[in-house]
Amino acid sequence: MSTHSKKIRCCNTVGVKIGVLALQGNVSEHIGAFERALKCMGREDQSSVSPIKRPAELEGCDALAIPGGESTTISRLIEKNHLHEHICTFSGGIFATCAGMILMATNVDDPRVRPLGLIDMTVDRNAFGRQKESFEADLPIHGLDGGPFHAIFIRAPVATHAGNGVTVLSRIPQGIVAVEQGMHMALAFHPELCGDLRLHERFLKNLAI
Ligand code: GLN
């Protein structure tokens, strides 16, 4: 761990360095949402949110966001850019949405995805079928103050099983759609698209030890 990140973990008011995996998918939306969340928390000074394409860019980051997009494509590009081991051994928290949630799993129903295995869960990529590829729902989220979260699902996955170390934050009839494990959070929907920053803030608060 770098001296810089040690300092951050000791003090809640010091900056936080966030990387956003920028291989494919909705990268700029994640950068914007984290910038807004840091500002709302009064932590924008000395903080940064930057795109990550190469292993060296991950160094010194306290958090990584893995955005939605196409998990088979992102998986292939993670291999191509030699990022798999670096992400698997990353010491910070990971905020993963949709395709990102698929990548974080230990088991995925599609052999074209090489999962990172960072959250003990089995994920079904094609959970909603064609006719319901996109929908919105107001979800109760475990431990989240301020009422249900308006969740936007776009060709979303669900987790069909989560291990003992995983906290299930939200579940719908089709399966589990939000989980936490340690500092990691994985969501089947897209909080970066809805303007509600409560989940970003919760993730950031969990990081600062
Ligand atoms: N269905 C996509 C996949 O399998 C994920 C969709 C999304 O990230 N919005 O990767």
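Counting starts at 1 for both ligands and their atoms, in listed order. Numbers for residues simply follow the sequence, beginning at 1. Given the structure is predicted, the values throughout are model-derived calculations rather than measurements.
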Original post:
When you look at Glu57 and Arg54, which way does the salt bridge (charged side-chain N to carboxylate O under 4.0 Å, His left out) test go after all the steps?
Top reply: CA-CA 6 Å; Glu57 293 163 345; Arg54 280 173 281 280; 3.4 Å; yes
Original post:
Do any N or O atoms from the side chain of Asn26 and from the backbone of Gly68 form a donor-acceptor pair under 3.5 angstrom?
Top reply: yes
Original post:
Salt bridge or not for Arg198 and Glu201, using N-O below 4.0 Å?
Top reply: no
**OP:** Would you mind running through ligand 1 and noting each atom that sits below 4.0 Å from a heavy atom of Cys98?
**Re:** 5 (C), 6 (C), 7 (C), 8 (O), 9 (N)
Original post:
Of the listed options (Ala188, Gly69, Gly25), which comes nearest to atom 2 (C) of ligand 1 when hydrogens are ignored and any heavy atom counts?
Top reply: Gly69
**OP:** Mind checking whether Ile102 contacts ligand 1 via backbone (N, CA, C, O), side chain (CB onward), both or neither, at a 4.0 Å heavy-atom cut-off?
**Re:** side chain
Original post:
Got the closest protein heavy atom to atom 1 (N) of ligand 1, with its distance?
Top reply: Arg155 O, 2.8 Å
**OP:** For His190, take its heavy atoms, then give the atoms of ligand 1 lying under 4.0 Å from any of them.
**Re:** 7 (C), 9 (N)
Original post:
Should the pair His200 and Phe95 be assigned to parallel (<30°), tilted (30 to 60°) or perpendicular (>60°) ring geometry?
Top reply: tilted
**OP:** Flag Gly68 as yes when one of its N or O atoms lies below 3.5 Å from any N or O atom of ligand 1, and as no otherwise.
**Re:** no
Subject >> Protein residue, atom and distance nearest to atom 10 (O) of ligand 1, heavy-atom basis >> reply: Ser71 N, 2.5 Å
Original post:
Salt bridge check: are Arg125 and Glu70 linked by an N-O gap of less than 4.0 Å?
Top reply: yes
**OP:** Among all protein heavy atoms, pick out the one at the shortest distance from atom 4 (O) of ligand 1; state its residue, atom name and that distance to 0.1 Å.
**Re:** Arg125 NE, 2.6 Å
**OP:** Check whether any N or O atom of Thr97, backbone or side chain, sits under 3.5 Å from an N or O atom of ligand 1, and answer yes or no.
**Re:** no
Original post:
So, are Glu79 and Arg112 salt-bridged, with charged N and O less than 4.0 Å apart?
Top reply: no
